[in-house]
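Proteins come first, then strands; the chains are lettered A, B, ... in the order of their sequence lines, and each starts at number 1.
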Protein chains: 4
Amino acid sequence: MTHQAISIEPRKLPRQVRAQATVDAILDATARILEREGLPSLNTNHIAETAGISVGSLYQYFPTKNAILTVIIRRKRQELLDELAEALGDMETENLDTTLDKLVEATIESKMNWPKLARTLEYADAFLPLAQETDDLKFQLVNRIAEFLEHHKIEGPRIVAQDIVAIVKGIIETASLAGQTDRASLKKRILRGVNGYLQLVG
Amino acid sequence: MTHQAISIEPRKLPRQVRAQATVDAILDATARILEREGLPSLNTNHIAETAGISVGSLYQYFPTKNAILTVIIRRKRQELLDELAEALGDMETENLDTTLDKLVEATIESKMNWPKLARTLEYADAFLPLAQETDDLKFQLVNRIAEFLEHHKIEGPRIVAQDIVAIVKGIIETASLAGQTDRASLKKRILRGVNGYLQLVG
Amino acid sequence: MTHQAISIEPRKLPRQVRAQATVDAILDATARILEREGLPSLNTNHIAETAGISVGSLYQYFPTKNAILTVIIRRKRQELLDELAEALGDMETENLDTTLDKLVEATIESKMNWPKLARTLEYADAFLPLAQETDDLKFQLVNRIAEFLEHHKIEGPRIVAQDIVAIVKGIIETASLAGQTDRASLKKRILRGVNGYLQLVG
Amino acid sequence: MTHQAISIEPRKLPRQVRAQATVDAILDATARILEREGLPSLNTNHIAETAGISVGSLYQYFPTKNAILTVIIRRKRQELLDELAEALGDMETENLDTTLDKLVEATIESKMNWPKLARTLEYADAFLPLAQETDDLKFQLVNRIAEFLEHHKIEGPRIVAQDIVAIVKGIIETASLAGQTDRASLKKRILRGVNGYLQLVG
DNA sequence: CATGAATGAGCTTTCATTCAT
DNA sequence: GATGAATGAAAGCTCATTCAT
């Protein structure tokens with residue numbers, strides 16, 4: 001008679017232009033609330049209000065609140081992945097330094113624009129049924145970087161790739177929590193960490 | 001998260017052993033739930049049940065649910081801080097490597113025993129009114145390490161200290177999420193990151 | 001994150017006296033609403049209000065709205081079954097007519113006191129996950145009557161039993177919908193139907 | 001059941017063939033849903049989808065959801081009534097047995113083709129504002145049969161007519177719930193009940 | 001003090017109905 | 001007329017917190 005909320009997949013595809021606008025408004029509103037107020041303040045009425053639509057409309061496109069979170073996570077992830085892929089794209093021709101430089105820059109961009117949002121999504125990932133998907137993506141990303149490292153004769157490339165990612169993320173998150181927003185200096189420090197690590201691998 | 005708490009200080013200082021035991025039971029139950037089921041499953045009835053007491057009793061010792069979280073965060077933090085202090089204690093006499101070694105080991109210990117709990121607390125910290133306290137503690141910790149680094153003639157010691165902490169945390173968290181539990185190899189990799197970074201500071 | 005509503009079994013057993021009073025108040029209120037206003041007007045807020053309690057209390061004892069309906073159905077059924085059992089109890093000693101008389105009287109009692117409630121429950125049974133339970137009970141009841149008929153040398157006793165039950169129910173329901181409340185004349189007509197049927201069996 | 005309807009009359013008399021086809025599609029879809037899934041699963045979007053039209057179109061032809069139910073009830077009723085009228089039509093010439101035979105057969109036909117639908121409509125009738133109409137129809141039907149009985153010198157013909165209808169309905173419903181679909185044997189049993197009753201009237 | 005029943009604000013979700021295109 | 005997006009009242013249900021015993 002009531003309340004199911006099991007699947008997390010988007011409900012129906014927006015066909016008309018205004019429908020797509022509604023979906024976007026929902027996602028934007030959600031992101032904005034997470035950035036400004038945090039997960040505990042996120043509720044569907046608040047989202048609808050912020051998006052300037054009715055709750056009913058929200059549920060036309062998303063079966064549950066978590067489904068919205070899921071879509072945002074997927075989108076943000078895809079964005080980052082695309083940028084990283086671009087950075088890694090020409091690994092045959094470019095040298096190690098240039099590529100690392102690009103990787104770091106892309107990651108900074110992704111995490112520092114909406115830092116609170118980024119952290120919340122990272123956290124939310126843990127309780128959404130996204131485990132497999134998340135693992136797959138991480139696997140892909142790490143693999144991609146590992147290939148690149150291998151091409152440059154670096155040993156144990158998968159572990160190294162994982163640790164590099166960890167270092168980049170670690171320094172960015174800590175700095176963003178400390179309110180440090182100077183991206184140039186941040187990049188310098190991250191590259192120090194990454195390059196330092198690499199030097200000690202051989 | 002509703003019913004916003006006014007105060008988050010523990011309601012009374014339990015003077016008797018029995019009372020202290022109850023408080024501990026509550027904190028343990030909360031930690032266990034967070035580790036096993038995560039924040040969304042944490043509610044006061046569940047805590048009370050797990051702790052083997054009644055909700056009423058719970059509220060004898062904690063004014064709000066968040067107060068419990070707050071105390072756990074403080075305790076875990078204090079534990080880590082104590083261990084780090086010990087590691088840093090004899091910085092006059094010990095050398096850099098030995099001390100870093102101890103620092104890393106203490107951090108691994110703290111984060112890997114209850115990895116999900118550790119991440120949850122880190123996240124929860126963000127929406128509890130702990131900002132000042134958290135900043136102070138981080139400030140202290142970074143300062144302490146910075147002093148130590150300065151003593152070893154390392155430049156820009158505060159930023160370096162912060163980044164080292166970030167690297168350690170970053171690698172541990174990523175590894176723990178990837179299910180890597182071999183602490184020895186983890187330590188080796190972390191020290192690679194830290195030492196690598198330090199080499200490139202000068 | 002919310003809303004499950006799968007099981008239909010009562011949630012926790014009332015231990016204190018006032019808890020039992022609450023459960024009773026809920027069941028009474030539900031029955032009253034069904035009798036007066038019908039199923040479409042039945043909602044948990046309305047029940048709670050009518051019962052003079054809060055919705056929260058309602059959900060302490062029943063996991064879903066349907067669970068309440070289920071319990072009422074079971075209770076009413078048990079009542080009827082007990083009375084029928086009593087009527088059938090001494091089938092060795094009593095004769096056919098006396099026993100049929102009692103059966104009919106018990107059924108009239110059960111269906112005519114709260115006629116709208118009785119019809120609603122009969123209907124609700126169809127969409128509650130009670131199929132097996134309902135079948136079992138009907139099987140039992142029919143079997144019990146069939147044994148009795150067999151003892152009186154009536155052929156095809158299971159089908160006959162089923163049809164007798166159907167005739168009794170049919171006449172009562174139609175009469176109650178037509179607003180006929182004279183139980184004596186009703187009984188006479190029902191017995192006419194039952195005895196007439198039996199005469200044509202042999 | 002919310003958003004109570006003011007009027008339940010069909011919104012317009014469809015004059016064109018296309019419109020009539022749409023109306024039929026809506027009614028068929030509704031009947032199909034009721035038979036397969038039951039009243040709790042009946043909602044206007046579901047109906048429209050099943051009928052292959054849009055909700056908007058549905059509301060071109062029916063002012064409320066209940067109006068659809070109402071029309072279905074009226075149609076099914078009319079069908080039954082027509083068949084019964086036919087069976088009773090030549091009551092001057094035909095004898096009692098033949099006529100009863102036809103009556104029973106028509107009723108079986110009406111109730112067994114879509115048993116769940118039939119029961120649902122019977123139930124729904126109770127909460128739709130059809131009371132007067134329903135009473136009138138029952139009155140007509142019972143009267144018609146009563147006349148026929150009177151013609152055959154049966155006493156108290158109105159009550160007898162009502163009880164005969166009740167017996168027929170009762171046995172059919174119970175049998176259909178029990179999954180008995182053999183119409184021949186069913187007819188035999190019903191006639192046993194009806195004739196038995198009639199024998200005891202005199 | 002402990003217990004656990006009770007409370008009710010607040011959140012999620014549905015669905016009959018309307019309305020812009 | 002048809003479409004399907006949008007609306008929002010209303011219902012289901014939870015859980016932090018209080019309070020009678």
Side-chain angles (χ1 to χ4, degrees), chain A residues 1-5 12 14-23 42-48 52-66, chain B residues 1-5 12 16 18-19 22 42-49 53-66, chain C residues 1-5 12 14-23 42-48 52-66, chain D residues 1-5 12 16 18-19 22 42-49 53-66:
Chain A
M1 234 153 182
T2 33
H3 303 263
Q4 302 201 331
K12 73 177 178 191
R15 297 185 187 180
Q16 300 181 7
V17 183
R18 72 175 163 156
Q20 184 56 54
T22 301
V23 167
L42 190 75
N43 68 63
T44 50
N45 289 306
H46 195 171
I47 294 173
I53 59 164
S54 68
V55 231
S57 289
L58 188 156
Y59 279 94
Q60 295 254 349
Y61 301 102
F62 299 95
T64 67
K65 188 175 83 163
N66 282 344
Chain B
M1 299 310 150
T2 39
H3 301 259
Q4 278 303 341
K12 65 167 81 172
Q16 295 157 25
R18 163 96 164 284
T22 304
L42 188 75
N43 68 62
T44 49
N45 285 296
H46 195 174
I47 295 173
E49 196 183 8
I53 59 167
S54 66
V55 231
S57 291
L58 187 155
Y59 278 90
Q60 292 279 338
Y61 296 102
F62 296 93
T64 67
K65 183 175 101 165
N66 281 345
Chain C
M1 238 151 186
T2 31
H3 304 261
Q4 302 201 329
K12 74 176 180 194
R15 297 184 188 181
Q16 299 181 7
V17 182
R18 72 174 162 158
Q20 184 56 54
T22 301
V23 168
L42 190 75
N43 69 63
T44 51
N45 289 305
H46 194 172
I47 294 172
I53 59 164
S54 68
V55 231
S57 289
L58 187 156
Y59 280 96
Q60 295 253 348
Y61 300 103
F62 298 95
T64 67
K65 187 175 81 164
N66 282 345
Chain D
M1 299 309 150
T2 39
H3 302 260
Q4 277 303 343
K12 64 169 78 172
Q16 296 155 24
R18 165 94 163 285
T22 304
L42 188 75
N43 66 63
T44 50
N45 285 296
H46 195 173
I47 295 173
E49 198 184 7
I53 60 167
S54 66
V55 231
S57 290
L58 187 154
Y59 277 90
Q60 292 279 336
Y61 296 102
F62 295 93
T64 67
K65 183 175 101 166
N66 281 345

**Asked** Are B/S57 and E/dT3 close enough that a side-chain N or O sits under 4.0 Å from OP1 or OP2?
**Response** yes

**Asked** Mind checking whether A/F62 and A/T44 have side chains closer than 4.5 Å, heavy atoms only?
**Response** no

**Asked** Roughly how many Å is it from CZ in C/R18 to P in E/dA5, rounded to a whole number?
**Response** 8 Å

**Item:** Under 3.5 Å on both distances, the Watson-Crick or G-U partner of F/dA6
**Value:** E/dT17

**Complete:** When both distances are under 3.5 Å in a Watson-Crick or G-U wobble arrangement, the nucleotide paired with E/dC11 is F/dG12

**Asked** E/dA6 phosphate, OP1 or OP2: any side-chain N/O from C/Y61 under 4.0 angstrom?
**Response** yes

**Asked** Between F/dT18 atom P and B/F62 atom CZ, what is the distance in whole Å?
**Response** 16 Å

**Complete:** From CG of A/N43 across to C1' of E/dC11 the rounded distance in Å is 6 Å

**Prompt:** So does B/T44 get a side-chain nitrogen or oxygen closer than 4.0 Å to the phosphate oxygens (OP1/OP2) of F/dC15?
**Reply:** no

**Message:** Both B/I53 and A/V55 contact DNA chain E. Taking the nearest nucleotide for each, which residue is further toward the 5' end?
**Reply:** B/I53

**Request:** Mind checking the OH-OG1 spacing from B/Y61 to B/T22? Nearest 0.5 Å is all I need.
**Result:** 4.5 Å

**Asked** Between the side-chain atoms of A/Q60 and the base atoms of F/dA6, is any donor-acceptor pair under 3.5 Å?
**Response** yes

**Message:** Quick check for you: to the nearest 0.5 Å, what is the distance between A/L58 atom CG and A/K65 atom NZ?
**Reply:** 11.0 Å

**Message:** Taking any heavy-atom pair under 4.0 Å as a contact, classify D/L42: base, sugar-phosphate, or nothing.
**Reply:** sugar-phosphate

**Message:** Please report the distance, rounded to the nearest Å, between CG in C/L58 and P in E/dT7.
**Reply:** 11 Å

**Prompt:** In whole angstroms, how far is the P atom of F/dA5 from the CD atom of D/E49?
**Reply:** 12 Å

**Request:** Find the distance C/K65:NZ to E/dT14:P and express it as a whole number of Å.
**Result:** 15 Å

**Asked** Nearest 0.5 Å, what's the OG-CG distance between A/S54 and A/N45?
**Response** 10.5 Å

**Nearest-Å distance for atom pair CD/C1', residues C/Q20 and E/dA5** = 13 Å

**Under 4.0 angstrom between B/S54 side-chain N/O and E/dG4 OP1 or OP2** = no

**Item:** Short side-chain N/O contact from C/Y59 to OP1 or OP2 of F/dT14, under 4.0 Å
**Value:** no

**Item:** DNA chain F: 5'-proximal contact among A/G52 and D/G56 (nearest heavy atom)
**Value:** D/G56

**Fill in**
Of C/N45 and D/N45, the one whose closest nucleotide on DNA chain E sits nearer the 5' end is C/N45

